[in-house]
Number of protein chains: 2
Amino acid sequence: MATETLTAERILAATEDVLRQYGPTKATVVDVARALGVSHGSVYRHFRTKAALREAVTKRWLDRTTDELLRIVEDTSARAEDRLRRWNIHLFEAKRAKAGADPQLFATYEVLLRENSATVDEHIADLVGQLTAILEAGLDGGEFTLGSVEPARGARAVFDATVRFHDPVYAAQWTLPGIEQDLDAVLDLLLCGLRVRG
Amino acid sequence: MATETLTAERILAATEDVLRQYGPTKATVVDVARALGVSHGSVYRHFRTKAALREAVTKRWLDRTTDELLRIVEDTSARAEDRLRRWNIHLFEAKRAKAGADPQLFATYEVLLRENSATVDEHIADLVGQLTAILEAGLDGGEFTLGSVEPARGARAVFDATVRFHDPVYAAQWTLPGIEQDLDAVLDLLLCGLRVRG
DNA sequence: CAGCTGACAGATATTGAAATCTGTCAGCTG
DNA sequence: CAGCTGACAGATTTCAATATCTGTCAGCTG
């Protein structure tokens with residue numbers, strides 16, 4: 001019976017539960033307020049709109065994956081090529097796990113995509129930024145070559161070339177047999193293009 | 001007032017017109033029959049279901065692009081690298097032109113995608129087949145290398161890596177500034193990986 | 001008086017009855 | 001008698017009435 005003060009964090013946690021149970025089409029702000037034992041007016045005191053609340057929950061949820069990926073970026077003991085491959089495979093597996101284990105929150109994320117939400121743009125910018133860091137490490141270490149192409153542009157190309165393995169529109173294909181080999185094949189081709197050869 | 005006999009071809013042409021005018025959500029089989037001056041029962045004599053009719057129209061429409069692309073595949077005077085690049089750019093521009101000039105037929109195509117239609121699978125198989133032919137030409141001519149990877153698998157990887165530039169789900173992004181450069185960047189990376197280097 | 005409530009207006013979603021459409025087929029017609 | 005028609009049943013869509021939800025705000029409460 002939550003007698004503590006109402007904080008943004010408590011609202012986010014409650015909203016995540018409500019979204020998980022009802023999904024983005026059925027969950028209402030009144031449901032969230034009821035779960036917290038407050039009136040829905042109080043929720044609007046912390047989040048200006050329902051869309052803002054939905055975005056904040058999804059951002060938190062997406063950031064969990066971004067944090068995991070950051071560990072791969074920062075593992076400077078490994079070669080850039082290994083990190084680039086592991087990073088892409090981890091991103092694929094994390095997205096697939098989210099789609100499978102948290103279908104309602106995944107559906108919420110798909111709603112944001114349809115709304116051209118800034119949260120999604122930021123998430124993509126974060127990911128491309130991490131890829132850029134790996135590419136730059138590979139270029140500095142003499143492991144990669146990009147010719148006259150900017151690292152950020154190369155990172156975007158790698159991200160674009162792997163959309164089938166991380167863009168939610170393809171979620172239905174992520175459980176098909178052979179999908180891992182398809183990702184491996186694309187990564188082989190990309191790494192071939194990046195690698196410095198004798 | 002069409003007094004000639006009713007053929008599948010005449011029905012397809014009329015259906016294309018009706019779809020162009022009303023779009024896939026509003027066009028009905030009765031509309032098609034009316035355009036032909038026959039009863040809708042006669043249309044069902046040539047196409048078992050409305051879905052079959054929709055598929056046949058879309059197949060005809062997609063095949064026009066496949067035919068154009070085939071000319072690039074068969075232009076053996078050009079280097080494989082040039083053909084691969086031109087083929088991908090032509091596919092992108094053809095899809096973008098269809099989305100812009102024929103929005104209603106493009107929407108019909110999107111309906112088939114949602115239905116997991118065999119027509120779409122065949123269209124994709126056709127395209128990957130053409131890519132395979134270009135890759136094989138490049139391998140035979142000593143221009144490309146794929147290591148131990150099968151040409152068909154490599155072709156699929158190239159197709160997967162360029163989905164952002166031909167899959168209708170991304171149609172909204174095709175008019176964004178810089179999209180051509182994004183495609184160029186991905187093609188540069190892929191060709192780098194395919195090319196035999198000194 | 002900071003934070004919360006709950007009544008309210010306008011926007012959005014639900015519902016169920018009516019209208020339309022799909023696909024069939026017995027019979028008509030040239 | 002091959003090919004077409006149009007009435008029909010069941011499926012789907014439309015539409016308008018009703019219910020619910022979002023977002024605001026004046027005033028309550030601890």
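Per chain, numbering begins at 1; letters A, B, ... match sequence-line order.
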Above 12 or not: heavy atoms from other molecules or residues under 6.0 Å from CZ of A:R64?
yes

Just to be sure I understand the rule, does B:T28 reach a base, reach only the sugar-phosphate, or reach nothing, if contact means heavy atoms closer than 4.0 Å?
sugar-phosphate

Is the closest basic N to carboxylate O distance between B:R60 and B:E9 below 4.0 Å?
yes

Quick one: B:Y44 OH to D:dC8 P, roughly how many Å, whole number?
18 Å

Is any side-chain N or O of B:K50 closer than 4.0 Å to OP1 or OP2 of D:dA11?
no

Could you check how far CG of A:L36 sits from P of C:dC4, rounded to whole Å?
11 Å

Can B:K98 be said to sit on top of B:W61's aromatic six-ring, NZ or CZ under 6.0 Å from centre and within 45° of the ring axis?
yes

Relative to the 5' end of DNA chain D, which residue comes earlier, A:D31 or A:R45, by the nucleotide with the nearest heavy atom?
A:D31

B:S42 side-chain proximity, nearest of C:dC21, D:dT5, C:dG23:
D:dT5

Does any nucleotide pair with D:dC15 by Watson-Crick or G-U wobble geometry, both distances under 3.5 Å, and what is it?
C:dG16

Mind calculating the distance between CZ (B:R10) and C1' (D:dG3) to the nearest angstrom?
14 Å

A:H40 side chain, from C-beta outward: closest of C:dC4, C:dT24, C:dA7:
C:dA7

Counting only heavy atoms from other residues, nucleotides and ligands, does the tally under 6.0 Å from CD of A:Q181 exceed 12?
yes

Given C:dT14, is OP1 or OP2 found less than 4.0 Å from the side-chain N or O atoms of A:K26?
yes

Pairing partner (Watson-Crick or G-U wobble, both distances under 3.5 angstrom) of D:dC25:
C:dG6

Return the nucleotide paired to C:dA11: Watson-Crick means purine N1 to pyrimidine N3 with N6-O4 or O6-N4, wobble means G-U with N1-O2 and O6-N3, both under 3.5 Å.
D:dT20

Whole angstrom is fine here: how far is it from CZ in A:R34 over to P in D:dT22?
11 Å

Distance, rounded to the nearest Å, where B:L53 contributes CG and C:dG23 contributes C1':
13 Å

Considering only side-chain heavy atoms of A:S39, which listed nucleotide, C:dG6, D:dG23, D:dT22, is closest?
C:dG6

Rounding to an integer number of Å, can you tell me how far B:H46 NE2 sits from D:dC4 P?
6 Å

Answer with yes or no whether the hydrophobic clustering places A:I72 together with A:I89; edges join I, L, V, M, F, W, Y residues whose side-chain heavy atoms lie under 4.5 Å apart.
yes

